[in-house]
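This report refers to the structure that appears directly beneath it.
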Amino acid sequence: MSLVVGAEPLSSRLSGLLWRRPNLLILLLLLPPLLWLGLIYVGSLFSLLLQSFFSIDDFTGQVTHEVTLLTYAELLRPSNLDIITRTVTMAALVTVASAIIAFPVAYYAARYAKGRWKAFFYLGVMLPLWSSYLVKIYAWKMILSKEGIVSWLAAKLGLGVLLDGWLSLPVVGGNSLSVSATGTFLVFVYIWLPYMILPIQAALERVPASLIEASHDLGAAPGATFRHVLLPLALPGIAAGSIFTFSLTLGDYIVPGIIGTSRLFIGQAVYMQQGTAGNIPLAAAFSVVPMLIMALYLWLARKMGAFDAL
Amino acid sequence: MRYDRSTAPLLLKIAAAAGLLFLHLPILLIFVYAFTTETRSFQWPPPGFTTRWLAVAWERPDVWQALMLSLKVAAIATLLALVLGTLCAAALSRARFFGREAVSLLVILPIALPGIVTGIALRSAFGLAELPFSFWTIVLGHATFCIVVVYNNAVARFRRLSVSLIEASYDLGADGFQTFRHVVLPNIATALLAGGMLAFALSFDEVIVTTFTAGQQQTLPIWMLQELIRPRERPVTNVVAMAVVLVTFLPILLAYALTREGEDTAGSGK
Amino acid sequence: MTSAVSFRAVSRHFGSVRAVDAVDLDIPAGEFFAMLGPSGSGKTTCLRLMAGFEQPTGGAIAIHGRDATGLPPWRRAVNTVFQDYALFPHMTILDNVAYGLMVKGVDRATRRRAAEEALDLVKLSGYGARRTGQLSGGQRQRVALARALVNKPSVLLLDEPLGALDLKLREAMQEELKGLQKALGITFIFVTHDQVEALSMADRVAVFHQGRIVQAGTPEEIYHNPRSRFVADFVGSSNIMPPALTARLTGERRWASLRPELLRLGRWEDGLVLEGTLVQSSFLGAFRRLAVRVESEMLHANLPAGVGVPGEGSAITLSFDRSALNLLDDAP
């Protein structure tokens with residue numbers, strides 16, 4: 001009886017080598033993606049980071065290739081700080097609103113929807129999530145325009161005065177909803193909502209229904225059950241969802257450009273500095289801001305166990 | 001007060017339904033506006049309905065050019081992402097090695113960081129490398145953030161693929177390549193297909209990174225963005241918006257059907 | 001004749017865990033060999049080393065006299081029946097069975113015929129077109145068996161082959177495997193934690209404990225002459241006699257084991273005598289099991305069911321033949 005079956009072809013010899021050295025196999029598998037992501041992507045990020053330590057010569061408009069913190073100092077100008085606070089406030093508000101709207105949808109889908117309805121809910125969240133980002137913004141431009149459906153509805157319901165009153169308020173108001181901060185807020189909430197629903201649902205699905213019933217059995221009112229049982233259990237999901245809503249709002253420059261006031265957000269500032277203003281170092285420094293905020297945010301979220309619900 | 005096990009409280013039902021309606025009504029509105037006779041504003045209710053703008057949009061060469069570019073970019077970027085994402089998933093699904101966490105973070109980074117950071121980083125790198133904008137600069141950016149979508153789908157399936165199946169194949173005389181072809185690939189194929197669909201949809205729709213890597217080229221989302229900023233022929237934009245919605249729904253539904261049995265959450269990692 | 005499988009000081013360490021620790025093993029060709037032990041004793045790792053799924057960290061493995069070190073599984077004329085059967089879910093039963101021939105490049109008609117023959121062999125003729133999901137556990141195992149045998153391996157490895165089957169099926173399968181092994185003349189090596197299975201099927205048994213083979217021999221040797229407390233206790237049930245008790249009975253200060261069925265009631269001539277208190281008496285159908293306290297030891301005796309026994313709590317005398325007492329190698 002022979003031990004070895006037939007003559008050994010090259011493919012067998014090659015896979016034999018990899019079988020004897022499993023680490024070599026892993027290295028070979030990882031090499032192309034690591035080269036791609038490590039070289040192209042991380043390399044780009046570093047070159048961006050590097051640029052933020054350069055500065056621009058005010059006279060020539062040329063980038064001075066000397067390491068300096070001047071550009072970061074420029075970031076601290078009141079007008080620029082204003083942009084940062086505005087963006088972070090918006091991101092926080094959008095996150096809170098998304099969580100409030102997302103919770104019942106996620107809770108219903110996780111606990112009550114079965115079979116067909118489960119699929120319905122899943123697709124009901126998935127389709128808007130994957131629908132074209134620009135088309136969604138476009139839809140809201142239609143909805144919020146002066147002659148659009150919201151104004152029409154408000155007039156029909158006799159709430160026109162209320163809408164006008166809201167629009168006449170400073171900061172949140174504007175000429176019409178589509179050129180107000182309220183409009184920007186609404187569109188952000190709409191676009192990022194699915195990113196909040198999915199992780200909350202994932203977190204809630206891990207809560208056994210018996211836990212909620214136990215709370216009721218122990219005499220807790222629905223409100224108390226929500227506060228003491230559901231909310232803590234859903235928190236990792238909310239934290240995971242908020243990573244998306246927060247990060248996506250911080251970096252977006254298209255939504256506030258199309259629906260909103262002329263007051264800038266970080267994303268728009270980055271876009272303008274690198275584009276029309278040609279100040280790449282300041283653009284780079286500006287884009288470091290959301291990265292830093294997100295790093296801090298991720299660190300906090302990790303502590304809350306958000307990564308388990310991703 | 002006690003809840004029934006199977007029926008939800010009324011308030012929760014209403015809130016959940018309202019949430020879903022909030023998600024879907026704006027998209028439905030796109031379908032209504034595609035047929036409006038009003039050309040200058042977004043007047044509601046539409047004064048009348050017509051299908052003539054479908055034909056007008058169909059005849060527009062700029063729309064077709066943008067569409068073709070988007071399709072080509074999405075196809076190539078998806079292919080690249082499929083290869084790179086699958087390799088990554090194969091390496092990370094089982095092996096425990098030093099730096100594993102770092103690698104998985106690296107894969108997620110392009111979608112975890114704001115798109116504008118990715119975009120401007122790539123642009124400044126192209127600038128430093130004196131690489132002129134081209135079809136390939138767009139693909140480069142797209143493939144980078146599509147890898148994670150393929151990876152997410154593939155890694156879930158790899159983990160469910162029992163090790164003993166691979167060992168059985170070895171045991172029966174199949175070498176590594178034969179095992180990949182006859183056992184691994186058939187078992188992960190649907191997950192790859194689903195990941196590919198989602199990557200395609202993601203690339204087809206991408207605008208933020210693309211504005212930094214496209215130069216003067218127009219993908220469909222870039223075309224759309226310009227119409228949003230400086231509207232030229234509003235009814236055509238309306239029709240294109242509707243078409244885009246329909247086109248993106250297809251791969252999503254297909255990807256869902258492909259992964260449903262496996263209960264992989266396709267696309268949850270967009 | 002060279003051994004089908006031989007281990008020379010084979011070790012497999014995972015970090016600081018010594019899964020297999022300097023094992024020497026020789027399995028003659030054509031033998032039905034069992035590797036018996038509790039979970040984590042190293043028996044499955046040994047099987048995986050034979051199949052080539054693991055590589056030894058030390059020592060040498062030879063299969064039919066040829067060094068198998070560094071030889072990948074697909075280059076070994078060894079086939080495995082997996083514990084979870086590992087049938088390919090995306091293939092029909094026939095394609096599963098023909099897989100080994102397919103990857104070797106055997107033409108379609110030939111491998112089809114061979115696969116059908118193999119299915120005949122395991123009494124599954126006509127099941128070829130089905131999918132794995134449509135079969136019962138016992139049928140799946142037969143497919144796994146056919147899939148391995150179709151390659152005409154010189155050694156067949158079976159990992160807990162009967163573990164997932166219910167009792168009746170297990171007994172039927174035991175006989176069938178034994179018959180199959182005799183008919184084919186292939187070396188069968190199987191892993192089990194079930195001592196009944198090992199004793200009833202195997203020609204020889206190796207008992208594993210903590211990564212080492214603590215005893216190897218025929219089922220009779222293992223059962224009647226266990227050499228350590230571990231084997232005496234793990235294979236069947238034994239009364240373990242501490243050195244003090246053995247010394248009082250025989251004069252030798254050694255650990256010893258005594259099978260409960262070798263004890264008899266009352267005082268027998270030229271037998272050794274144990275006197276104690278009957279603590280418990282349970283009826284177990286074929287026999288009656290007594291728990292008797294002798295000095296500080298609790299001993300068990302299995303008596304024929306018909307024997308009259310004193311009431312629980314009363315004094316009792318048991319005796320046994322001197323040859324029934326098996327002296328152990330453990331240090332006193």
Side-chain angles (χ1 to χ4, degrees), chain A residues 5 11-12 15 18-19 26 29-30 32-33 36-38 40-41 43-45 47-48 51 101 104-105 107-108 112 123-124 126-136 138-140 142-143 145 147-149 152 190 193 198 216 222 247 250-251 253-254 258 267 270 274 280 283 287 290-291, chain B residues 1-3 8 12 15-16 19-20 22-24 26-27 29-30 33 41-44 84 87-88 90-91 95 97 103 106-107 110 112-117 120-122 124-125 128 140 144 147 173 175-177 201 205 207-208 221 224-225 228-229 241 244-245 248-249 252 256 267-268 270:
Chain A
V5 197
S11 73
S12 167
S15 37
L18 296 176
W19 170 83
I26 288 178
L29 288 174
L30 277 180
W36 185 285
L37 289 170
I40 298 178
Y41 188 60
S44 305
L45 286 180
S47 83
L48 179 68
Q51 305 245 24
I101 302 176
V105 180
Y107 184 44
Y108 191 94
Y112 296 102
L123 283 177
M126 223 38 141
L127 286 177
L129 169 72
W130 284 92
S131 295
S132 166
Y133 164 80
L134 284 171
V135 169
K136 283 186 279 192
Y138 189 53
W140 278 90
M142 294 168 169
I143 293 169
S145 66
E147 69 280 4
I149 191 166
W152 174 80
Y190 174 77
L193 184 59
L198 290 173
H216 291 311
S247 156
L250 276 187
Y253 72 95
I254 288 180
I258 291 169
V270 175
Q274 67 88 34
I280 299 272
S287 61
M291 281 202 270
Chain B
M1 178 181 147
R2 289 196 55 174
Y3 292 149
L12 177 64
L20 277 190
F22 176 63
L23 280 176
H24 287 269
I27 296 173
L29 214 60
I30 292 283
Y33 273 108
S41 74
F42 295 121
Q43 190 195 335
W44 186 270
L84 297 172
L87 286 174
C88 239
F97 56 88
V103 176
L106 191 60
V107 175
L113 285 181
I116 192 160
V117 175
I120 189 174
L122 286 173
S124 74
L128 286 179
L140 212 70
T144 303
I147 292 175
D175 63 37
F177 297 97
D205 182 40
V207 62
I208 293 189
M224 190 91 197
L225 181 63
L228 274 173
I229 296 167
V244 168
V245 169
T248 37
F249 270 23
I252 304 313
Y256 171 72
S268 55
K270 177 174 174 175

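Just so we're on the same page: letters track the sequence lines, and every chain starts at 1. What you see below is based on every heavy atom in this structure, not just the backbone, and it leaves out hydrogens, waters and symmetry mates. None of these values were measured; they are calculated from a predicted model.
- Remark: the backbone N or O of B:Phe22 is not paired with any side-chain donor or acceptor of A:Tyr190 at under 3.5 angstrom.
- Listed here is the closest heavy atom pair of B:Ala16 and A:Val105: O-CG2, 3.6 Å.
- In this structure, the portions of B:Val117 lying under 4.5 Å from any heavy atom of chain A include both its backbone and its side chain.
- Residues B:Ile30 and A:Lys136 form no side-chain contact, since every pair of their non-hydrogen atoms from C-beta on lies 4.5 Å or further apart.
- Taking CZ of B:Phe249 as the reference point, atom CG of A:Leu123 lies at 9.5 Å (rounded to 0.5 Å).
- Proximity to chain A involves both the backbone and the side chain of B:Ile208, based on heavy atoms less than 4.5 angstrom apart.
- Contacts between A:Ser145 and chain B at a heavy-atom distance below 4.5 Å involve the side chain alone, from C-beta outward.
- Counting heavy atoms from C-beta outward, A:Tyr138 and B:Phe42 have side chains that approach closer than 4.5 Å.
- With a threshold of 4.5 angstrom between heavy atoms, B:Leu128 approaches chain A through side-chain atoms but not through N, CA, C or O.
- For chain B, the nearby part of A:Ile254 is the side chain; its heavy atoms alone come within less than 4.5 Å.
- A:Trp130 and B:Ala201 get closest at one heavy-atom pair: CE3-CB, 4.0 Å.
- Listed here is the closest heavy atom pair of B:Pro114 and A:Gly251: CB-CA, 3.4 Å.
- The main-chain N or O of A:Glu147 is never found under 3.5 Å from a side-chain atom of B:Gln43 such that the two would form a donor-acceptor pair.
- Counting heavy-atom pairs closer than 4.5 Å to chain B, the top residue among A:Pro290, A:Ser15, A:Gly148 is A:Ser15.
- Remark: A:Gln51 CD to B:Ile120 CD1 distance equals 8.5 Å, nearest 0.5 Å.
- Annotation: side chain to side chain donor-acceptor pair (under 3.5 Å) contacts of A:Tyr108 (sequence neighbours excluded): none.
- Between B:Val244 and A:Leu134 there is no side-chain heavy-atom pair separated by less than 4.5 Å.
- Side-chain polar atoms of A:Ser131 and B:Thr248 form no donor-acceptor pair below 3.5 angstrom.
- Annotation: the span from B:Leu113 atom CG to A:Leu45 atom CG amounts to 6.0 Å, rounded to 0.5 Å.
- In this structure, B:His24 contributes its side chain and A:Gly124 its backbone to a donor-acceptor pair below 3.5 Å.
- Taking both residues in full, the closest heavy atoms of A:Ile101 and B:Gly19 are given as CG2-CA, 4.3 Å, listed atom of the first, atom of the second, then distance.
- At least one donor-acceptor pair closer than 3.5 Å links the side chain of B:Asp205 to the backbone N or O of A:Tyr133.
- The candidate with the highest count of non-hydrogen atom pairs below 4.5 Å against chain B, out of A:Leu250, A:Val270, A:Ile143, A:Leu37, is A:Leu37.
- Note: B:Leu23 leads B:Leu20, B:Leu12, B:Ile252, B:Leu23 in heavy-atom pairs under 4.5 Å with chain A.
- Of all the heavy atoms in B:Cys88 and A:Leu30, the pair that sits closest is SG-CD2, 4.1 Å.
- Between B:Val245 and A:Ser132 the shortest side-chain heavy-atom distance does not fall below 4.5 Å.
- Shortest non-hydrogen contact noted between A:Leu29 and B:Leu87 is O-CB, 3.3 Å.
- Judged as a side chain to side chain contact (heavy atoms under 4.5 Å, CB included), and not counting sequence neighbours, the contacts of B:Ala15 are A:Pro104.
- B:Asp175 is not listed as a side-chain neighbour of A:Trp19, based on a closest heavy-atom distance of 4.5 Å or more.
- Your options are B:Val107, B:Leu29, B:Thr144, and the one with the most heavy-atom pairs under 4.5 Å with chain A is B:Thr144.
- The contact between B:Ile147 and chain A is made entirely by side chain atoms (from C-beta outward), counting heavy-atom distances below 4.5 Å.
- Between chain B and the residues A:Ile258, A:Ile280, A:Ile26, A:Leu127, the most heavy-atom pairs under 4.5 angstrom are made by A:Leu127.
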